[in-house]
Amino acid sequence: MQKGWYPLALSHAIAAGTSAGTVLHGQEIVVWRDSSGGAHTWEDRCPHRGMKMSFGFVRGDHIACLYHGWEYDQGGQCRYIPAHPKLEVPKTICVKTYPAAEAAGMIWVWMPVGMPVEGGPAEQEATGVRSLYLDRALDEVEPHLSAGFGASEAAREDGVIRLVTDLGPLRIGLQPVSADRCALHITLAGTAEPGTLVAVAARAEAFRRRVESATLLAAE
Amino acid sequence: MTMPQLYNYDLDENCYRVRLVAACIGLPLDLHGVDAFPGREHQSAPMLALNPLGRLPILRDGDLVLTQPEAILLHLAERHDPQRRFVTDDPVRRARMMEWLIFAARDLSMAVAARTTSMLGEPGDTDALRAGARRCLRIMDDHMTRQSLAGSDFFVGPEATLADLALFPAFALSRDFNVDHDEFPALRLWARRLRSLPGFITMPGLPDYH
Ligand code: FES
């Protein structure tokens with residue numbers, strides 16, 4: 001995997017005090033937001049018995065595992081084990097955390113694991129439209145983005161494609177999920193009217209129909 | 001008016017739909033437990049006399065016996081909620097609500113079947129059912145995406161209707177048939193709003209949080 005910041009979700013899709021699972025290059029990641037609004041990206045695996053952390057729930061500044069309720073603080077350190085409420089939890093019990101950032105209406109993770117972080121994802125005022133999950137590899141999808149969204153100009157940046165369209169300037173975060181899936185996190189630069197947002201969402205749905213239908217793709 | 005009686009099995013999501021609507025309108029139900037699994041009591045002679053289809057739920061309200069879940073929901077919301085919180089008389093809204101109620105009844109039956117084949121070992125092509133259920137959830141997520149962008153928090157409009165309550169279990173329980181919530185961000189936000197409705201209840205297997 002190339003080192004860099006990868007978008008995992010639209011900011012507005014992860015409300016304070018909630019969590020969601022996602023996958024990047026086959027690695028399962030939990031994206032969660034504590035009650036004060038901070039975003040976190042961790043390995044989606046409880047160190048106790050391996051339950052997905054994304055099935056758990058956020059309690060204030062902790063995320064709790066659904067299975068036996070072990071609670072972890074924002075640094076990934078286990079702080080509370082309900083079966084042993086008096087126990088001083090050993091420092092060695094922690095979830096693997098990955099560097100997270102929030103910029104341009106998206107939540108990002110720095111990858112690959114262990115690589116020192118360089119800079120942050122580019123800032124930009126943006127309105128989140130929708131995330132689009134596709135049963136296709138990102139490599140297969142990317143060449144069709146420009147035509148699919150009716151763009152007159154396209155430019156690729158780190159983790160993002162920028163499209164100039166009649167509906168406005170789109171900035172789409174590119175998430176390679178696995179060998180046959182990807183996600184597009186679609187934003188409009190600046191602010192936009194609800195009608196425009198709905199029109200972009202409808203175009204996104206049409207794009208998904210096109211890109212997932214083998215015959216339509218081959219015809220392009 | 002005597003309390004409506006629900007022939008109920010706790011793990012059946014259609015029974016849960018009925019309990020959920022009753023809870024949200026503040027209506028106590030007289031629950032009559034049916035040992036559907038492993039006892040198959042819903043297919044016993046006395047139950048077949050009430051519902052020859054051999055399915056749950058069954059609602060008995062005075063002389064009225066209802067066996068179709070969406071008909072039961074509509075009946076409870078119209079007859080037993082003086083405020084009529086979850087139904088509407090506006091013809092266009094009502095048409096939209098019926099559209100989603102019928103989607104819940106017909107199309108989401110794939111999600112119900114995917115869950116019973118995965119969890120309870122009922123016969124069925126689990127992979128095909130799961131794919132069909134996922135397609136339905138995508139349609140729901142697309143719809144709620146557009147609703148939220150246009151400023152509506154629920155399936156039919158700014159307020160929750162029976163449609164939302166009828167659609168909720170298939171999404172909330174989808175992990176039981178191995179479809180995760182990852183790909184449905186608009187439904188995740190919507191489910192969270194539903195969970196905060198006064199009276200909202202869960203069922204066994206649905207964690208009580210959010
Ligand atoms: S698996 Fe997470 S607390 Fe036991």
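Here is how names work: the chains are called A, B, and so on, in the same order as the sequence lines, proteins then strands, and each is numbered from 1.
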Given heavy-atom pairs under 4.5 angstrom as the criterion, report whether the side chain, backbone, both or neither of I14(A) touches chain B. side chain
Just so I understand: if I count every heavy-atom pair under 4.5 Å between each of H12(A), E205(A), E193(A), K52(A) and chain B, which residue has the most? E205(A)
Check whether V129(A) gets within reach of chain B through its side chain, its backbone, both or neither, counting any heavy atom under 4.5 Å. both
Within the supplied structure, the quantity of interest is the number of heavy atoms (other residues, nucleotides, ligands) at a distance under 6.0 Å from E159(B) CD; does it exceed 12? no
Structural part of D44(A) lying under 4.5 Å from a heavy atom of chain B: neither
Compare all side-chain heavy atoms of Y133(A) with those of D141(B) and state whether any distance is below 4.5 angstrom. no
Looking at L189(B) and A13(A), what are the two nearest heavy atoms and their distance? CD2-O, 3.8 Å
State, with a plain yes or no, whether a side-chain heavy atom of T18(A) is found less than 4.5 Å away from one of R188(B). no
To check you understand the geometry: which heavy-atom pair defines the closest contact between A15(A) and R192(B), and what is its length? CB-NE, 4.0 Å
Give me the atom names and distance for the closest heavy-atom approach of L149(B) to P194(A). O-CB, 3.5 Å
Would you mind checking if D182(B) and R181(A) are paired as a salt bridge, meaning a charged N to carboxylate O distance below 4.0 Å? no
Would one find more than 12 heavy atoms of other residues, nucleotides or ligands at under 6.0 Å from atom CD of E99(B)? no
Below 4.5 Å from any heavy atom of chain A, which atoms of R146(B) appear? Answer side chain, backbone, both or neither. both
Could you tell me if the side chain of L66(A) sits less than 4.5 Å from the side chain of P207(B), heavy atoms only? yes
For D142(B), is it the side chain, the backbone, both or neither that has a heavy atom under 4.5 Å from a heavy atom of chain A? both
Under 6.0 Å from the CZ atom of R135(B), do we count more than 12 heavy atoms belonging to anything else shown? no
Check the surroundings of atom CZ in R96(B): do more than 12 heavy atoms from other residues, nucleotides or ligands lie under 6.0 Å from it? no
D35(B) atom CG, over 12 foreign heavy atoms within 6.0 Å: yes
Would you call E212(A)-R138(B) a salt bridge at under 4.0 Å N-O? yes
